[in-house]
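Have a look at the structure below, then the notes.
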Number of protein chains: 2
Amino acid sequence: MVPESLRRGCVPEATVGRLPLYLRALTGLHDQGVTSIASEELASRSGVRSTQLRKDLSHLGSYGVRGVGYDVELLAAQIAQELGLTQQWPVVIVGMGNLGRALAAYGGFSGRGFRIVALVDDDPEVVGTVVEGLTVTTLADLATKGPTVTIGVITTPAPAAQAVADELVAIGVRSLLNFAPGHLVLPDGVDVRGVDLATELQILAFHEQRRLLAISTHDPLSPAADTEAIG
Amino acid sequence: MVPESLRRGCVPEATVGRLPLYLRALTGLHDQGVTSIASEELASRSGVRSTQLRKDLSHLGSYGVRGVGYDVELLAAQIAQELGLTQQWPVVIVGMGNLGRALAAYGGFSGRGFRIVALVDDDPEVVGTVVEGLTVTTLADLATKGPTVTIGVITTPAPAAQAVADELVAIGVRSLLNFAPGHLVLPDGVDVRGVDLATELQILAFHEQRRLLAISTHDPLSPAADTEAIG
DNA sequence: ATGACTTTGTGAACGCTTGCACAAAGTCGC
DNA sequence: GCGACTTTGTGCAAGCGTTCACAAAGTCAT
């Protein structure tokens, strides 16, 4: 019942970030009828090195068989338990714009440990309408007569995000996934993960520029430093 | 013209990931009419420590004034240049489902260094329709008669993502932002960033479970399990 | 049963990232 | 002009994460 990791000590944050990768690869293998897999193969399907995979799994306990590999089903169950996916976490999406609707329509929630139990917006035109089988409510209604929610997903415009986050915390939500650009300041104990399109693109742009500069810098004007460093 | 960092050595990856945060905070300050800011204040608005902010900025060069702080406009310009945002990178979105449309409608692209120049789908019903002022084309048409694109955003269902990525790389795209779950395997030199809703939620679930277990483990029953598991 | 082979699990080394302490360098009041 | 004060920039140490090398522990053919 209690995850192995609580006995073996805590799981490093970097490992936690990769467990979902492994779990996804494992469920894919399971669907293909594969019952056993070696760390080398599972690692390449997850995009990591096999040594890293093994060390990550070692934080959960020893569920592999030396000389053979891992039982797909068993390992998937262990990771799912570690991630707390044996139960269904109730999720609320706040902000029924394009993105909020896209997420509400996304089917990958249920069956993976999450269920959308409420949709929220502040536009009177939108409140009361039915989206994906759920009636959109206001935040106030969610607080008073809505279902209990554990995870809040914020898909509002940036200016509203902080106020929404504050209200969600006020009704007991401790885990937030924020799609609005900007940094939320919240009390300790609240877990926020930000997903920001602009940030991701800008990181790509940085590397893209590096590629271009690396090429164009081949013609000389500043070569003195470079050539010394190489040759 | 050439960013300062090319002379001062390379910028750490962790720093690159935070530069967009600083840039966003700075543009916000600029809009409010603030012209100068100290590292302490800028750091708290970005959600990092001031020492970290200063070290990050030191990789770009010295643009602060001791005793005063940073010139908002100048620093923003420096970061923008470092990230390669002085030009407009042409972006294609592949997959005109809910998420693809949401991204196409998102206004935060232009003015921040990116411009959507093409929308792609493979559904004959969708190809030819106009979304956000752009006519949806096929990948084949993009390759032959489409505009040049530098960054590809993949919002297709998971099974199609790998094939789409391969085709994008074939027409010269070297930077991909993948919203489809799963790991893309691509040649060296291609930069992929994955954004996965399920992964983010599962990381939140992990911490949420930790919180709950930390409370429920206060009552004793589990210590026995320890001895059993070990012996 | 046994030896060759495969694969896991892990201690140790390495590199990257963060945080600290402090010197350097400026402003501001007088 | 000058001293007190503020804030930046950076060498250094601690912590975290990744990779390497290898022993431990199993399978499989014979």
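Lettering follows sequence order; numbering is per chain, from 1.
Checked by atom type and distance alone, the side chain of Q202(B) never pairs as donor or acceptor with a backbone atom of A80(A) at under 3.5 Å. Under the 3.5 Å distance criterion, the side-chain polar atoms of T155(B) are matched with a main-chain donor or acceptor of G95(B).
Taken residue by residue, residues 41-48 of chain B places no heavy atom nearer than 4.0 Å to DNA chain D.
Residues L53(A) and A43(A) approach most closely at CD2-N, 3.7 Å, considering heavy atoms. When all heavy atoms of S39(B) and Y70(B) are compared, the pair lying nearest together is CB-CE1, 3.9 Å.
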Short heteroatom pairs, N/O only, protein and nucleotides 3-8 of chain C, under 3.5 Å:
residue, atom, partner, partner atom, Å
dT7(C), O4', G67(A), N, 3.2
dT8(C), OP1, S39(A), N, 2.5
dT8(C), OP2, S39(A), OG, 2.5
dT8(C), O2, R66(A), NH1, 3.1

Listing time: all N or O pairs from protein to nucleotides 11-20 of chain C that are below 3.5 Å?
residue, atom, partner, partner atom, Å
dT18(C), OP1, R18(B), NH1, 2.7
dT18(C), OP1, Q52(B), NE2, 3.3
dT18(C), OP2, R18(B), NH1, 3.3
dT18(C), OP2, R18(B), NH2, 2.7
dT18(C), OP2, Q52(B), NE2, 3.0
dT18(C), O5', Q52(B), NE2, 2.8
dG19(C), O6, K55(B), NZ, 3.3

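For residues 49-78 of chain B, the pairs satisfying salt bridge (charged side-chain N to carboxylate O under 4.0 Å, His left out) are R18(B)-D56(B), with sequence neighbours left out. Evaluation of the salt bridge (charged side-chain N to carboxylate O under 4.0 Å, His left out) test over residues 26-44 of chain B, restricted to residues two or more places apart or in two chains, returns E41(B)-R45(B). Within the structure, side-chain hydrogen bond (donor to acceptor under 3.5 Å, both in side chains) contacts touching residues 165-178 of chain B (residues at least two apart or in different chains) are E208(A)-S175(B), R211(A)-S175(B), Q162(B)-D166(B).
The environment of H30(A) atom NE2 is sparse: at most 12 non-hydrogen atoms of other residues, nucleotides or ligands sit within 6.0 angstrom.
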| message | Is there a side-chain contact (heavy atoms from CB on, under 4.5 Å) between L197(A) and L177(B)? Walk through the geometry before answering. | response | CA-CA 9 Å; L197(A) 179 65; L177(B) 183 54; 3.5 Å; yes
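Here L103(A) contributes atom CG and L99(B) contributes atom CG; the two are 7.5 Å apart, rounded to the nearest 0.5 Å.
Separating the CG atom of L57(A) from the P atom of dG9(C) is a distance of 7 Å, rounded to the nearest angstrom.
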